[in-house]
Number of protein chains: 2
Amino acid sequence: MSSLYFDNNATTMIDERVLEVMLPCMKSQMGNPSSNHSFGRDAKKLIDNARNQVAESVGAYPKEVFFTSSGTESNNWFVDGMSNIYPEGQFFYGATEHPCISKPMQNLKLHGVKVEKLRVKTNGVFDMNELNKLSKNEINILSLMLVNNESGVINDIANIREQLSDYNIIFHSDAVQALGKIPLDFHALGLDAMSISSHKINGPQGIAALVIKNGLDIDPLILGGGQEAGLRSGTENLASIVGFGMACELSQEKLKNTEKLKENRNFFEVEIKLMGATIFSEDALRVDNTSFFGFEGIDGATMITALDKFGIGIASGSACSTNNKEASHVLTEMNVDPDLAQSAIRLSLNEKNTRNNILYLLEKIEHEKNRLKNYASLLN
Amino acid sequence: MSSLYFDNNATTMIDERVLEVMLPCMKSQMGNPSSNHSFGRDAKKLIDNARNQVAESVGAYPKEVFFTSSGTESNNWFVDGMSNIYPEGQFFYGATEHPCISKPMQNLKLHGVKVEKLRVKTNGVFDMNELNKLSKNEINILSLMLVNNESGVINDIANIREQLSDYNIIFHSDAVQALGKIPLDFHALGLDAMSISSHKINGPQGIAALVIKNGLDIDPLILGGGQEAGLRSGTENLASIVGFGMACELSQEKLKNTEKLKENRNFFEVEIKLMGATIFSEDALRVDNTSFFGFEGIDGATMITALDKFGIGIASGSACSTNNKEASHVLTEMNVDPDLAQSAIRLSLNEKNTRNNILYLLEKIEHEKNRLKNYASLLN
């Protein structure tokens, strides 16, 4: 069954090696890591180790890794935490950011903060001309995603940072869809903050991190007992942190084996184009596991419901969000024709999807496409 | 080993029946509950079931239960979410609240909101006279904990609510330490919001809820994909939610078996008083598993470090917070002499602690007390 799951940008299955390190934490009496007894100290050591694993996988120092409950929380925290420190700053975000960046940004705007959305090109890649909107006389707080969750488009963050070398900027990137798909080096990218999440890389859900450059001033989003060096309160989620650490370590291994993913994805795209599909962002640099496509005149949501009957799990538009009938905002920002945007389907592969699984998927897509086309012509 | 763990108000061990329901979610391909395929729908069904279990255990409707990542987040959310809706409201909180209530409240005050701390009596129970500070002409937003994490004191929330029947109030209670220790009935208590947490009741860490009365207007703390009816974004933490649901169901069973806890706690207190200990909040109504005590002249932190060498896990002051040398704010607010407050130790039992474990603990406490007393007299 799970080999017919093609929705890995939404969530992934926990790797058995991750579960293996989590289970001892879940089966024995562990203390609160803040407690000053051996139960607590044992927990703290495990967290320290996981923090090292996470840091190493993204080229950061361990003390720059702050655990949160989700990529969504990490992104919200960055926006909120910066607006408290720089209420007079200019805030910018990319047009195709996930709602957990765009909504907090829009919220700041409602509260009188200067916030501007920066455009992408029609292929979904960030439009470098938009950097002219930044000001050399003010502090610019900028959030641009590294990899888009729907299209798989990779933004050249290091180059963008370089273009802004004369500016006073605080640069954040939502790297939730990048971790485990492309190599990540926080410092080499020139970032001040970066969000990553566990459940996108075969780790447990409910755990993530905001990586914060040493010395960057940020206010906490969640106040209380003063965990995570006072920046993120709440009892540490021990088993999940341990699992996230291992998932990060394993993500480095994944990076060495992306060839098969790419071959499968490319094979899929060749075949799906022969059926008449449009591939969104086809000419852009994209991660290896993702294909965002559609058949003009065939509603994407209808298609995925049809495929579901064959045990196939695949997404229409962003599967991170609750169901709604609006077209993908990513495609809207790319100026894709609304009818075509309505047809969008996202394939996001994992390492377990075989060529045979993809052949089965293609067969069912073709079958359902013809059925839905015939049905539509009967109605007309 | 785990039977010498007496720090269950800090965190508890996962019940094996909880782990049993979590494991299938962690071992198989589950979808994102927001996804429109069978993988996602299966996940959604499990969440619906868990929401029912949580709701039933606290006397709320399922649609009143909103999952968060921690009691800390739930408490922060209430304060933050209310201040956005009622920036002109009067905010009140109890003097012995957990920092995850008092700090966000103090933060509001810094931003110009009317915020006032309400006193407790010297036994730690809320001082009803403080209700005179509320205004009949304004909206009063009030947060009072049901059970104190350090002293175990139970506040009579239903009675407080009744005293305020003529007032325009929004009443929140931090019930994190109450769930599983005393019966909870959200509606009977007359509450508008209530925080509960999984890892205090033998459920997994990293999952909790804010119960919000149907119809109460509150802003989200975390924005994004619109999960939890738009009020709390972020991919649902499936396995943990399922575990939390089961832990809530089992908490009802716990309530039927508190006699042994109470007998053990009372036995402990009789013995510890014979050794010269002071029991804090002794005359107050308290939960059955908690004893907060100290020996004048013996530093609590030193004592727990000494006991740790015997494999004993027990807390000094609040173990939810990171270590600091300040006396417990709970005792300070109770006007306990600072020297005596410095001696505070918190015993918080679980069902697995036997009479023999307690005898062992008492023996080691007596031994270390005498050793530390002798050592102190040598220094003087």
Side-chain angles (χ1 to χ4, degrees), chain A residues 1-2 5 7 10-11 13-14 19 26-32 34-40 69-70 72-73 75-76 98-100 103-104 107 199 204-207 221-227 233-240 301 304-305 308 311-316 319-323, chain B residues 1-2 5 7 10-11 13-14 19 26-32 34-40 69-70 72-73 75-76 98-100 103-104 107 199 204-207 221-227 233-240 301 304-305 308 311-316 319-323:
Chain A
M1 255 313 249
S2 78
Y5 180 78
D7 197 10
T11 197
M13 185 172 153
I14 298 181
L19 189 57
M26 302 180 82
K27 284 181 171 171
S28 58
Q29 179 65 65
M30 302 303 296
N32 188 314
S34 303
S35 298
N36 193 19
H37 45 56
S38 64
F39 301 94
S69 69
S70 62
T72 290
E73 183 192 329
N75 283 344
N76 273 258
H98 191 276
C100 61
K103 285 189 185 173
N107 200 34
H199 80 104
Q205 294 175 327
I207 191 75
L221 178 66
I222 298 179
L223 299 160
Q227 288 86 351
S233 289
T235 298
E236 295 88 343
N237 186 354
L238 179 64
S240 299
I304 71 156
T305 305
D308 177 49
I312 291 166
I314 193 165
S316 65
C320 269
S321 301
T322 45
N323 293 317
Chain B
M1 257 314 254
S2 80
Y5 180 78
D7 196 10
T11 196
M13 185 171 153
I14 298 181
L19 188 58
M26 303 179 81
K27 286 181 171 170
S28 58
Q29 180 65 63
M30 304 302 297
N32 188 315
S34 303
S35 298
N36 194 18
H37 46 57
S38 64
F39 301 95
S69 69
S70 63
T72 290
E73 183 191 329
N75 283 342
N76 272 258
H98 192 277
C100 62
K103 286 188 184 173
N107 200 34
H199 80 103
Q205 295 176 325
I207 190 75
L221 178 65
I222 298 179
L223 300 159
Q227 289 86 352
S233 290
T235 299
E236 296 88 342
N237 186 354
L238 178 65
S240 299
I304 71 154
T305 306
D308 176 49
I312 291 166
I314 194 167
S316 64
C320 269
S321 302
T322 46
N323 293 316

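Computed from heavy atoms alone, side chains included, the values below leave out hydrogens, waters and symmetry copies. By convention in this document, chain letters (A, B, ...) are assigned in the order of the sequence lines, proteins followed by strands, and residues within each chain are numbered from 1.
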Query raised in the report: Under a 4.5 Å cut-off applied to non-hydrogen side-chain atoms, are A:Leu19 and B:Lys27 in contact?
Result: yes
Query raised in the report: Under 4.5 Å between any side-chain heavy atoms of A:Thr235 and B:His199, yes or no?
Result: yes
Report task. Quick one: list whatever passes side chain to side chain contact (heavy atoms under 4.5 Å, CB included) with B:Pro104, sequence neighbours left out. Result -> A:Leu223, B:Asn76, B:Val79
Report summary line: In this structure, CE of A:Met13 is separated from OG of B:Ser28 (nearest 0.5 Å) by 6.5 Å
Query - Partner set under side chain to side chain contact (heavy atoms under 4.5 Å, CB included) for B:Ser70, not counting sequence neighbours - result: B:Thr72, B:Glu73
Report summary line: Of B:Ile207, B:Ile222, B:Leu238, the largest count of non-hydrogen pairs under 4.5 angstrom with chain A goes to B:Ile222
Report task. Look up atom CZ in A:Phe39 and atom CD1 in B:Ile314, then write down how far apart they are to the nearest 0.5 Å. Result -> 11.0 Å
Report task. Please examine the side chains of A:Asn36 and B:Asp308, heavy atoms only from C-beta on, and report whether any two atoms are closer than 4.5 Å. Result -> no
Query raised in the report: Are B:His37 and A:Asp7 close enough, and set up right, to give a side-chain contact (heavy atoms from CB on, under 4.5 Å), and what steps lead you there?
Result: CA-CA 10 Å; B:His37 46 57; A:Asp7 197 10; 2.8 Å; yes
Query raised in the report: Closest approach of A:Pro99 and B:Gly225, non-hydrogen atoms and distance?
Result: CB-N, 4.3 Å
Report summary line: Assert top hit (heavy-atom pairs under 4.5 Å, partner chain B, pool A:Cys100, A:Gly40, A:Ser240) equals A:Cys100
Report summary line: Looking only at heavy atoms, the pair that brings A:Tyr5 and B:Gln29 closest together is CE2-NE2, 3.1 Å
Query raised in the report: So what's closer than 4.5 Å to chain B heavy atoms on A:Met26: side chain, backbone, both or neither?
Result: both
Requested in this report: Heavy atoms only, distances under 4.5 angstrom: which of B:Ile304, B:Ile14, B:Asn75, B:Asn107 has the most pairs with chain A? Name it, please.
Outcome: B:Ile14
